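What follows is a single structure, written as structure tokens, with notes after it.
Note that the structure is predicted; figures quoted are calculated from it, not measured. Numbering of ligands and ligand atoms starts at 1, following listing order.
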Amino acid sequence: MKKIIIANWKMNPTKLADAKKIIEGTKKIAKKSLSDIVVCPPFPYINLLSGSKRPFLGAQNMSFEKEGAFTGEVSAAQLYSLGVQYVIVGHSERRAMGETSEVVAKKACAAIQSRISPIICIGEKERNQNAEHWQEIKWQLVDSLQGVNKTNIKKCVIAYEPVWAIGKKSVGPMNPADVAESAIFIKKVLAEMFGPQIAEGVRIVYGGSVDGKSSKDIMRAGGVSGFLVGRASLKPKEFEEIVLACSAK
Ligand code: 13P
């Protein structure tokens with residue numbers, strides 16, 4: 001399956017000039033790569049990559065509403081008209097602001113209708129000895145895919161991001177064996193929903209403190225088709241390491 005590496009810049013960088021520099025660096029990397037590279041900048045910088053295919057342009061969020069009186073919101077059709085091909089929905093940082101899986105599902109369906117591929121984020125907040133995280137992952141996935149059918153699930157990317165592994169204050173990346181176990185679990189739930197053959201074709205990526213080093217280990221043993229990268233996507237050299245890890249045999 002073709003690998004996909006998604007850069008989630010979050011609310012960075014502060015200055016336009018810096019955004020331009022990161023984009024130039026990332027373009028060089030994307031040109032040489034056989035994987036799909038997606039850059040999701042904050043909205044003010046989206047135009048810098050309008051219509052780009054190497055890397056593909058992505059957005060970090062969107063509204064499920066079509067148009068109208070929704071101050072501060074951005075629609076799928078507007079994004080599509082700027083050449084956006086992917087959109088992150090249900091990132092844990094947005095779920096923490098109150099976004100439910102029901103809303104995530106509506107966004108995913110609205111994106112698909114506008115010919116944009118949703119990157120649907122799921123992941124447990126914590127792990128404890130009762131192993132409740134499996135239920136949490138399962139229901140996030142099932143509820144976030146309401147309305148998605150056997151045809152358009154193929155357009156979706158599932159991003160597994162355990163919340164406890166995300167960001168500067170986290171404990172760091174999940175170990176590869178645990179990533180593999182989660183990926184198998186997600187595939188199993190997808191197989192129950194859409195059938196094994198279709199589930200096999202859905203790209204599952206891992207996110208959470210991915211850098212040059214961890215990406216190699218996880219690519220080797222984690223059973224995923226790529227990564228959703230936060231901090232390291234702002235440093236083209238580090239990002240290149242991750243992209244290279246995905247092309248290694
Ligand atoms: P970090 O790579 O900075 O931990 O962020 C992961 C993430 O949330 C990407 O969406």
Next on the checklist: Main chain of G212, side chain of E238: is a donor-acceptor contact present, judged purely on distance under 3.5 Å?
Outcome noted: yes
Next on the checklist: Give me the residue, atom name and distance of the protein heavy atom closest to atom 3 (O) of ligand 1.
Outcome noted: R231 NE, 2.7 Å
Next on the checklist: Using modelled atom types and a 3.5 Å cut-off, is there a donor and acceptor pairing between side-chain atoms of Q60 and backbone atoms of K10?
Outcome noted: yes
Next on the checklist: Heavy-atom distances under 4.0 Å decide this one: backbone, side chain, both or neither, for K10 against ligand 1?
Outcome noted: side chain
Checklist entry - Does a side chain donor of either D217 or S214 reach within less than 3.5 Å of an acceptor in the other side chain? => result no
Checklist entry - Any side-chain donor-acceptor pair under 3.5 Å between S182 and Y160? => result yes
Checklist entry - Would you say G207 touches ligand 1, if touching means a heavy atom closer than 4.0 Å? => result no
Next on the checklist: My understanding is that a hydrophobic cluster links ILVMFWY residues whose side chain heavy atoms are under 4.5 Å apart, including indirect links. Using that, what else belongs to the cluster containing I119?
Outcome noted: I4, I6, V38, F56, Y86, I88, V157, V205, L228
Next on the checklist: Quick one about R203 and S117 (side-chain donor to acceptor, distance below 3.5 Å, no hydrogens or angles considered), yes or no?
Outcome noted: no
Item to check | Side-chain donor/acceptor of T100 to backbone N/O of V103, under 3.5 Å | outcome: yes
Checklist entry - Against heavy atoms of S209, which atoms of ligand 1 measure under 4.0 Å? => result 1 (P), 2 (O), 4 (O)
Item to check | Test item, G167 contacting ligand 1 (heavy atom, 4.0 angstrom) | outcome: yes
Checklist outcome for this item: The protein heavy atom nearest to atom 10 (O) of ligand 1 is H91 NE2, 2.8 Å
Checklist outcome for this item: atom 2 (O) of ligand 1: closest protein heavy atom, distance to 0.1 Å, is G230 N, 3.0 Å
Checklist outcome for this item: Quick note on ligand 1: atoms under 4.0 Å from a heavy atom of N8 include exactly 9 (C), 10 (O)
Checklist entry - With a cut-off of 4.0 Å, which atoms of ligand 1 are near a heavy atom of E161? => result 6 (C), 7 (C), 8 (O), 9 (C), 10 (O)
